[in-house]
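Beneath this line is the structure, given in structure tokens, with notes to follow.
Both counts, for ligands and for their atoms, begin at 1 and track the order of listing.
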Amino acid sequence: MQTIRGFRDILPEKISLWQKVEKEATHLFKSFGFKEIRIPIIEKTQLFARSIGEVTDIVEKEMYTFEDRKGDKLTLRPEATASIVRSYIQHKMYATDPIRKFYMVGPMFRRERPQKGRYRQFYQIDAEIFGVESAYVDSQLIFLLNQLFKRLGLTGLSAHINSLGCPECRPSFQKVLLDFIESKKDMLCENCLRRMDKNPLRILDCKIENCRNAIAHAPATLDHLCNECSDHFNTVKKALETQGVDFIVDKSLVRGLDYYTRTAWEIQTTTLGAQSAVAGGGRYDGLVKELGGPQTPAIGFAIGFDRLVEVMEQIDKIPEPLPLDLFIISLGDTAMEKGYHWSCELNQKGIRTEIDFRGKSLKALMKRADKLAARYVLIAGENELIENAIILRNMNTKEQVSLSMEDMIPELIKIFKK
Ligand code: AMP
């Protein structure tokens, strides 16, 4: 049996970088006032179709959708924002305190073509803020990402930012865009032609080379913003500048989800080949209302956890696991029983202790202690029990001392808690 294409195991040898990133991220989120939220892995298909947009790659081609036994259409979550918005509305959070900050870490599912940095089950670290319209929040989130990457020691990342406008300025932009696209019709793929009527903005996100060439000089939302959106974007830029966050204004950045309004951004790296986006986010001021809640401004981002770890693997050594403190060698049935109790007690005290229950010889078990790189070995055979003198061997210096059973545990705690 093998994993399904695009799905993979993250093995224990690799996990410490994942843990390091998650620890750093959650620590930072907490200092910015975010609270953890956990959301289901499966939701009604309609939730994603309505929020991400019917005419997007994710909804048209990439979702894992199935009917359950009752015929309900369900989908493995391809992203977290839609579910968090659903939760915000379902629990009427807006009524008690409309301003909420959430983070979550977990797997997402998209049936994309797998390659390095692109998987069908991948992980995201996600943060969302509800209830604040101010442009300072946009900058604050980009600042937060910048801080996180700095703390992880990453360089060579750049923040690309753009403004996608709002329902006020978008219709007139769409007209200008459609006029332009009409003149390039011959060069566009079938998918783009189909999207012309339904969702022309998506054409700007097509990955096919011919289409990319055709739209290279397409009009940009940034040049067609209303005054409010323009002021908003200027404030974001200024606030980033004053905090010393480098950014690139990227007029061609549109992101692959329909719900974005105003500021959208991506953190890109040059070191991952085609899969250059390590994180992406944006404002979605219309989504809470669209899904049945009151008008509530909101904004968020998702970090591609797999990609972030891949970038870190290029610069960071996988941290060494902590060494084993003690390996217990119990020879004979009575010693095995004693050893079992000692190991339980020491593990409970937080001392990294292992015992081998297979009844192997002293020689075999010393080899095992070496393999596990144990700092100390405790040797208890029939004689040691009769004489109440258990041997403690320092594997580094090869020195041995004997301990009475009464003093042994406190003695060991003293050694290891130093
Ligand atoms: P999105 O939810 O599309 O805005 O993506 C946010 C981030 O998730 C991207 O910048 C990527 O780093 C990561 N990501 C998206 N799709 C995948 C995938 N199929 N495999 C790995 N990472 C992904």
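In this view, His232 and Ala135, Asp138, Val236, Arg262, Thr263, Arg283 satisfy the side chain to side chain contact (heavy atoms under 4.5 Å, CB included) rule, not counting sequence neighbours.
Between Phe102 and the options Phe130, Phe32, Phe34, a ring-ring contact (aromatic ring centres under 6.0 Å, His included) holds for only Phe130.
The aromatic rings of Phe173 and His224 are tilted relative to each other, their planes meeting at an angle between 30° and 60°. Between Tyr260 and Tyr284, the ring planes lie perpendicular to each other; the angle is over 60°, past the 30° to 60° tilted range.
The existence of a salt bridge linking Glu411 and Lys414 is confirmed by a sub-4.0 Å separation between a basic side-chain nitrogen and an acidic carboxylate oxygen. Residues Glu67 and Lys73 are not paired through a salt bridge, judged by the lack of any N-O separation under 4.0 Å between the basic side chain and the carboxylate.
When heavy-atom distances to ligand 1 are checked against 4.0 Å, the residues falling inside are Arg110, Glu112, Gly117, Arg118, Tyr119, Phe122, Gln124, Arg255, Leu257, Ala277, Val278, Ala279, Gly280, Ala302, Gly304, Arg307, ordered by chain and number.
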